[in-house]
Peer 1: 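Next up is a structure, given as structure tokens.
All ligand and atom numbering here is 1-based and tracks the order in the structure. For clarity, every value in this text was computed on a predicted model and none was experimentally measured.
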Amino acid sequence: MEKVKQIYEGKAKKVYSTEDPNLCIVSYKDDATAFNGLKKGTIAGKGVVNNRMTNMMMQLLEQRGVPTHFVEELSERETLVKRVSIVPLEVIVRNVSAGSFAKRYGVEEGIVFDEPTIEFSYKNDELGDPLLNTYHALALKLATKEEIELIKSYAFKVNEVLKEYFLALGVRLVDFKLEFGKTADGQIVLADEISPDTCRFWDAKTGEKLDKDRFRRDLGGVEDAYREIFKRVTQAH
Ligand code: UDP
């Protein structure tokens with residue numbers, strides 16, 4: 001399958017149409033942004049890590065009953081996916097307090113929750129992705145009640161599968177962000193990416209951060225962190 005025309009360029013990826021109206025090609029860049037685009041940079045090799053890691057996670061999740069947009073890895077940085085319209089909700093699942101949760105509620109990072117939490121943000125850069133609840137999402141007609149229920153159950157399933165998977169690699173899955181899409185025939189599928197850009201990974205023994213927080217917080221060793229998490233994932237494969 002060949003790229004026909006660029007239809008979208010985001011912060012970390014480009015999306016192209018193909019000859020098949022139901023398929024797109026995603027191309028992963030090394031560009032990194034944080035704080036709603038305020039901080040910009042590049043992370044050498046990130047596009048390759050995020051593409052290949054996302055594809056491995058999508059295939060694992062498909063096997064475990066979560067439908068995804070994944071079709072076929074085309075190259076290091078490019079993947080064929082089902083064309084979807086993205087549900088404008090960012091779905092965040094957390095197992096341990098960190099980031100905006102710790103800040104918003106005035107607690108330290110690293111508190112292990114008895115049960116995972118879920119929250120939604122309205123995917124809208126101009127508004128700064130404001131937090132909303134499912135009633136707000138319904139009022140704004142971002143999705144139907146049934147779709148929101150399905151998204152919630154998929155999100156918790158993703159957490160169960162990935163939490164166990166990463167623990168076996170000596171990694172704590174602290175939190176992550178998911179996006180879902182709707183195919184032409186109305187099916188809700190997991191879309192976007194699952195990578196160190198969208199998950200917090202802490203080494204289970206040392207607590208070392210193996211994700212984009214190294215970039216966000218200027219901790220150094222950004223490329224090494226992406227390489228390390230990728231090494232563990234590929235060795236497990
Ligand atoms: N996240 C993301 N994109 C966003 C916001 C958050 O991928 O626009 C991910 C982030 O990497 C982390 C999780 O979602 O794994 C929770 O992020 P949080 O709400 O704590 O926000 P942050 O501290 O990253 O601003």
Peer 1: Which one holds for Glu90 and ligand 1: side chain close, backbone close, both close, or neither close, with close meaning a heavy atom under 4.0 Å?
Peer 2: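 Side chain only; the backbone of Glu90 stays clear of ligand 1.
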Peer 1: Under 4.0 Å between a Lys/Arg side-chain N and an Asp/Glu carboxylate O for Asp203 and Arg232?
Peer 2: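 Salt bridge between Asp203 and Arg232, a charged N being under 4.0 Å from a carboxylate O: yes.
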Peer 1: Of the protein's non-hydrogen atoms, which lies at the shortest distance from atom 13 (C) of ligand 1, and what is that distance?
Peer 2: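 In this structure, atom 13 (C) of ligand 1 has Asp175 OD1, 3.4 Å as its nearest protein heavy atom.
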Peer 1: Salt-bridged, Glu160 to Arg64, with N to O below 4.0 Å?
Peer 2: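 Result for this pair is no, no salt bridge flagged.
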Peer 1: Hey, are Asn36 and Asp129 close enough side-chain-wise for a donor-acceptor pair under 3.5 Å?
Peer 2: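 Result is no, nothing qualifies.
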Peer 1: Run the salt bridge (Lys or Arg N to Asp or Glu O under 4.0 Å) test on Lys13 and Asp192 for me, step by step, so that the C-alpha distance in whole Å, both residues' side-chain angles and the decisive distance to 0.1 Å come before the verdict.
Peer 2: CA-CA 9 Å; Lys13 297 187 284 293; Asp192 196 48; 2.9 Å; yes
Peer 1: Assess whether atom NZ of Lys103 is packed by more than 12 heavy atoms of other residues, nucleotides or ligands within 6.0 Å.
Peer 2: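 No, the 6.0 Å shell around NZ holds no more than 12 heavy atoms from other groups.
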Peer 1: Please write down residue, atom name and distance for the protein heavy atom closest to atom 2 (C) of ligand 1.
Peer 2: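 Its nearest protein heavy-atom neighbour is Lys177 CE, 3.5 Å.
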Peer 1: List the closest protein heavy-atom neighbour of atom 24 (O) of ligand 1: residue, atom name, distance to the nearest 0.1 Å.
Peer 2: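 Among all protein heavy atoms, the one nearest atom 24 (O) of ligand 1 is Arg200 NH2, 3.3 Å.
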Peer 1: Can a non-hydrogen atom of Arg94 be found less than 4.0 Å from any atom of ligand 1?
Peer 2: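 Heavy atoms of Arg94 do come under 4.0 Å of ligand 1.
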Peer 1: Does the pair Arg200/Asp211 count as a salt bridge with the N-to-O cut at 4.0 Å?
Peer 2: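 No salt bridge links Arg200 with Asp211.
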Peer 1: I need the contact type for Lys212 against ligand 1. Using non-hydrogen atoms and a strict under-4.0 Å cut-off, is it side chain, backbone, both or neither?
Peer 2: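 No part of Lys212 comes within reach of ligand 1.
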Peer 1: If you take the centroid of each ring, where Trp contributes its six-membered ring, are Phe113 and Phe101 closer together than 6.0 Å?
Peer 2: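 They qualify: ring centres under 6.0 Å apart.
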Peer 1: Which of the atoms of ligand 1 are close to Asp197, meaning less than 4.0 Å from one of its heavy atoms?
Peer 2: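 Atoms satisfying the 4.0 Å criterion: 7 (O), 11 (O).
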Peer 1: Identify which of Arg217, Glu193, Lys11, Arg216 has a heavy atom lying nearest to atom 10 (C) of ligand 1.
Peer 2: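 That would be Arg216.
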Peer 1: Salt-bridge test for Lys231 and Glu228: reply yes if a basic N is under 4.0 Å from a carboxylate O, no otherwise.
Peer 2: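 Counted as a salt bridge, because a side-chain N and a carboxylate O are separated by less than 4.0 Å.
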Peer 1: How does Ser100 reach ligand 1, by side chain, by backbone, by both or by neither, if only non-hydrogen atoms under 4.0 Å count?
Peer 2: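 Looking at Ser100 and ligand 1, atoms from backbone and side chain both fall under 4.0 Å.
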Peer 1: For atom 6 (C) of ligand 1, find the nearest protein heavy atom and state the residue, atom name and distance (0.1 Å precision).
Peer 2: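 The closest heavy atom on the protein side is Ile92 CD1, 4.2 Å.
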Peer 1: Could you tell me, atom by atom, which parts of ligand 1 come under 4.0 Å of a heavy atom of Gly99?
Peer 2: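 Listed by number with element, the hits are 20 (O), 23 (O).
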Peer 1: Would you check the N or O atoms of Glu119, main chain and side chain alike, for any that come under 3.5 Å of an N or O of ligand 1?
Peer 2: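 In fact, backbone or side chain, Glu119 has no N or O that close.
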